[in-house]
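A short worksheet on the structure shown next.
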Amino acid sequence: MSEESKRPEETPETQGGEPAETEPKAEAPKDEKKPKKKKEKTYTLTREQMEKAELAAKQLASVTDQFTRLTAEYDNYRKRTAKEKETIYQDAKVDTVKAFLAVYDNLERAVATDADPDSPHRKGLELIFSQFKEILKKLGVEEMEALGQPFDPQRHNAVMHIESEDLGENVVSQVFQAGFTLDGKVVRFAIVQVAN
């Protein structure tokens, strides 16, 4: 045999005179891929193009600002109209209650007469008057307690003064016309007599 035939054949692993490896190489898991770096593209702009881009950015900022302001104005408008609607409702309710307080006064006078307490006419008036009080109560209308209370100019209208040693100073001694509140707000002042 010739020398060439005694030589082992060259394989891709042994080319270049390097010995072949007997152990296989460990492959990297497929999940662990090396992240590829993306090359950012660069563009060359002319001065004119740059000016147009800056102008577009300014216009966008202006429109964004206008949109933000318009949104805020609309929100304020919505809140304001909701509040006005509630106020209009309350004012209409107060006006309606005020109109019916005259009926309350007349029913109160009719029941307070010295007529026969067993008469059907008086009993009917008492029933109507109690029903009317219940309706007012359901609407949130309450009669103010004034008799024996300290005089309060925010709730009482004094039309007379008397000298009395039995009552303290500035105490309501008599109520001529009842006062009413609606949800805590005075609808009608109580007309009273105050002791000095």
Side-chain angles (χ1 to χ4, degrees), residues 57-196:
K58 286 179 184 176
Q59 288 175 342
L60 177 63
S62 173
V63 169
T64 303
D65 183 53
Q66 287 176 349
F67 175 74
T68 304
R69 289 175 188 269
L70 186 62
T71 303
E73 285 179 22
Y74 175 72
D75 191 44
N76 290 339
Y77 167 76
R78 187 179 50 79
K79 289 176 183 176
R80 187 174 57 247
T81 53
K83 188 176 180 181
E84 286 174 1
K85 183 179 177 182
E86 181 65 27
T87 303
I88 289 170
Y89 174 74
Q90 286 297 328
D91 290 346
K93 193 173 175 182
V94 167
D95 291 342
T96 305
V97 166
K98 277 184 182 178
F100 280 101
L101 290 180
V103 176
Y104 179 93
D105 294 336
N106 290 332
L107 286 171
E108 186 177 40
R109 285 187 206 105
V111 169
T113 59
D114 292 330
D116 180 19
D118 294 331
S119 76
H121 178 70
R122 182 181 171 121
K123 286 183 179 179
L125 281 175
E126 287 173 351
L127 288 172
I128 292 169
F129 189 46
S130 66
Q131 184 181 16
F132 190 72
K133 283 181 180 179
E134 284 299 315
I135 290 170
L136 289 176
K137 188 175 181 181
K138 286 179 184 177
L139 291 172
V141 179
E142 294 179 6
E143 185 176 348
M144 290 188 277
E145 284 190 39
L147 189 61
Q149 301 292 321
F151 175 73
D152 181 4
Q154 301 292 325
R155 300 169 71 86
H156 306 134
N157 185 9
V159 293
M160 290 179 69
H161 291 275
I162 61 163
E163 298 294 330
S164 175
E165 294 180 13
D166 297 338
L167 298 169
E169 192 166 327
N170 284 336
V171 174
V172 175
S173 60
Q174 188 175 356
V175 178
F176 297 117
Q177 188 178 50
F180 292 91
T181 59
L182 175 63
D183 300 327
K185 182 181 176 183
V186 175
V187 175
R188 182 174 82 178
F189 291 95
I191 298 176
V192 297
Q193 178 184 55
V194 180
N196 286 337

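Sequential numbering from 1 along the given sequence is applied to the chain's residues. Any value given below was found using the heavy atoms of this structure, including those in side chains, with hydrogens, waters and symmetry copies removed.
Around atom CD of Gln90, more than 12 heavy atoms belonging to other residues, nucleotides or ligands sit under 6.0 Å away. Within 6.0 Å of CD on Gln131 lie no more than 12 heavy atoms contributed by other residues, nucleotides or ligands.
Annotation: the span from Asp75 atom CG to Arg80 atom CZ amounts to 10.5 Å, rounded to 0.5 Å. In this structure, NZ on Lys185 lies 11.5 Å from NZ on Lys93, to the nearest 0.5 angstrom. Rounding to the nearest 0.5 Å gives a distance of 13.5 Å between CZ of Phe100 and CG of Asp105. The structure places OG1 of Thr96 at 10.5 Å from CG of Asp91, a figure rounded to the nearest 0.5 Å. Considering NZ of Lys137 and CD of Glu134, their distance stands at 5.5 Å, rounded to 0.5 Å.
Two residues are said to be in side-chain contact when any heavy atoms from C-beta on lie closer than 4.5 Å; Lys85 and Tyr89 fail this criterion. Here the side chains of Met144 and Val186 are in contact, with some heavy-atom distance below 4.5 Å.
The two residues His156 and Ala146 come nearest to each other via the heavy atoms NE2-CB, 3.7 Å. Of all non-hydrogen atoms in Glu126 and Val111, the two that sit nearest each other are CG-CG1, 3.8 Å. The two atoms that bring Arg78 and Thr81 nearest to each other are O-OG1, 2.9 Å, heavy atoms only. When all heavy atoms of Leu147 and Ser173 are compared, the pair lying nearest together is CD1-O, 3.2 Å. Here the closest heavy-atom approach between residue Gln193 and residue Ile162 is recorded as NE2-CG2, 3.0 Å.
With Val187 as reference, Leu101 is the one residue of Leu101, Val141, Thr181 to meet the side chain to side chain contact (heavy atoms under 4.5 Å, CB included) rule.
Among residues two or more places apart in sequence or in another chain, the side chain to side chain donor-acceptor pair (under 3.5 Å) test is passed with Gln149 by none.
Arg122 places a side-chain N or O within donor-acceptor distance of the main-chain N or O of Thr113, the cut-off being under 3.5 Å. A donor-acceptor contact shorter than 3.5 Å links the side chain of Arg188 to the backbone of Ala178.
A ring-ring contact (aromatic ring centres under 6.0 Å, His included) check over residues 171-190, counting only residues at least two apart or in different chains, returns the pairs Tyr104-Phe180.
Salt bridge absent: Asp95 and Lys98 never bring a charged side-chain N and a carboxylate O closer than 4.0 Å.
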